[in-house]
Amino acid sequence: MDMDRLDTEFKDELKYLELKQMLEKADNAVAIAVATTATTCAVPIPFADAPMLVAQQVALMTTICGIFKINIKKDGLKALAMAALSAGGATLAGKTIASNLPKLVPGIGSVAGGVISAGTAGVVTFAMGKAFIEVCKAVKMGKLSEDDVTSSRGINMLKKGFKEQLRNNKNKT
């Protein structure tokens with residue numbers, strides 16, 4: 001066996017192990033973000049959680065970029081988050097309204113609305129996080145350039161992944 005081939009195989013194995021470790025760390029970041037966004041959205045004040053939710057999702061995307069060693073500015077990440085959320089369109093708008101309307105009723109309505117809102121935030125954050133991990137994975141595998149992440153190609157990939165994650169979640173319930 002020649003040394004060049006062994007060297008190449010060793011480098012490939014290292015890349016695989018590094019990617020596997022990145023994916024595990026990113027999955028952990030998503031799990032933490034799901035918990036924090038759900039907690040944020042459990043607040044019983046109607047519609048007060050939306051701006052904080054987007055900020056937390058951008059923070060999650062920033063964390064995932066750090067894990068994958070990808071440099072994307074916050075404005076680009078915010079645009080990606082908004083694009084992904086718009087991809088869910090009517091579904092997300094309906095869920096947001098449905099989860100916030102009960103919060104208008106003092107007492108039990110606030111509690112019920114908080115629980116529904118927390119669940120919705122968790123599902124949306126999970127879908128966005130998992131979809132963004134796939135975008136970052138594509139960069140690491142050379143299927144997408146770092147510059148393409150915030151281009152129409154990266155945005156479309158994120159939107160598609162986000163919709164798939166929402167659909168998968170819907171099929172599980």
Side-chain angles (χ1 to χ4, degrees), residues 15-43 45-97 99-100 114 116-170:
K15 285 181 184 179
Y16 169 78
L17 292 173
E18 180 185 25
L19 180 62
K20 184 178 175 189
Q21 187 177 38
M22 288 174 175
L23 291 169
E24 288 172 4
K25 286 181 179 180
D27 282 340
N28 286 338
V30 170
I32 291 166
V34 166
T36 59
T37 56
T39 302
T40 296
C41 291
V43 173
I45 303 167
F47 303 99
D49 48 19
M52 289 175 47
L53 178 62
V54 172
Q56 287 174 305
Q57 290 167 341
V58 170
L60 169 61
M61 294 169 85
T62 302
T63 299
I64 293 170
C65 281
I67 291 167
F68 282 90
K69 301 174 185 143
I70 296 172
N71 186 18
I72 300 175
K73 294 188 178 2
K74 286 230 187 218
D75 288 344
L77 293 175
K78 189 173 181 182
L80 282 170
M82 297 311 288
L85 291 173
S86 71
T91 302
L92 291 176
K95 285 182 178 184
T96 300
I97 291 168
S99 65
N100 277 283
I116 296 167
S117 187
T120 300
V123 167
V124 170
T125 301
F126 180 82
M128 184 178 295
K130 295 299 268 184
F132 192 61
I133 288 171
E134 288 304 309
V135 171
C136 292
K137 181 179 166 185
V139 171
K140 280 299 170 190
M141 295 177 75
K143 296 177 181 177
L144 190 69
S145 76
E146 201 169 297
D147 291 336
D148 282 341
V149 172
T150 55
S151 74
S152 61
R153 188 167 172 222
I155 290 170
N156 289 336
M157 185 178 188
L158 181 66
K159 284 180 176 182
K160 181 181 177 201
F162 182 69
K163 286 180 188 178
E164 285 174 11
Q165 287 293 331
L166 288 176
R167 199 170 25 257
N168 290 344
N169 191 6
K170 183 178 179 184

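As a basis for the values below, the full set of heavy atoms in this structure was taken, side chains included, without hydrogen atoms, waters or symmetry mates.
You'll find the side chain of Q56 stays beyond 4.5 Å of the side chain of T125, heavy atoms only. Side-chain contact between K69 and E18: present, with at least one pair of heavy atoms (C-beta onward) separated by less than 4.5 Å. Counting heavy atoms from C-beta outward, M157 and R153 have side chains that stay 4.5 Å or more apart. When side chains are defined from C-beta on, V124 does not count as touching Q165, because their heavy atoms never get closer than 4.5 Å.
Contact record, A81 with V58: CB-CG2, 4.1 Å, taken as the closest heavy-atom pair. When all heavy atoms are compared, the tightest approach of I64 to V30 is CD1-CG2, 4.2 Å. The minimum heavy-atom distance between I72 and C65, with the atom names listed, is CD1-SG, 4.0 Å. Nearest heavy atom pair, residue A29 against residue I67, reads CB-CD1, 4.2 Å.
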Give every donor-acceptor pair under 3.5 Å between a side-chain atom in residues 127-134 and any protein atom, sequence neighbours left out.
| from | atom 1 | to | atom 2 | distance (Å) |
| --- | --- | --- | --- | --- |
| K130 | NZ | D27 | OD1 | 2.7 |

Taking only distance into account, with no hydrogens and no angle test, what donor-acceptor pairs under 3.5 Å do side-chain atoms of residues 135-143 form with protein atoms, sequence neighbours excluded?
| from | atom 1 | to | atom 2 | distance (Å) |
| --- | --- | --- | --- | --- |
| K140 | NZ | F68 | O | 3.0 |

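No donor-acceptor pair under 3.5 Å is formed between the side chain of D148 and the backbone N or O of L144.
Between the CG atom of N28 and the CG atom of L23 there is a distance of 11.0 Å, given to the nearest 0.5 Å. Atom OG1 of T150 and atom CG of L80 lie 6.5 Å apart (nearest 0.5 Å). One distance of note links CG of L19 with CD of E24; it measures 10.0 Å at 0.5 Å rounding. Taking NZ from K25 and CD from Q21, the interatomic distance works out to 4.5 Å, rounded to the nearest 0.5 Å.
A side-chain contact (heavy atoms from CB on, under 4.5 Å) with F126 holds for exactly one of V34, N168, T37; it is V34.
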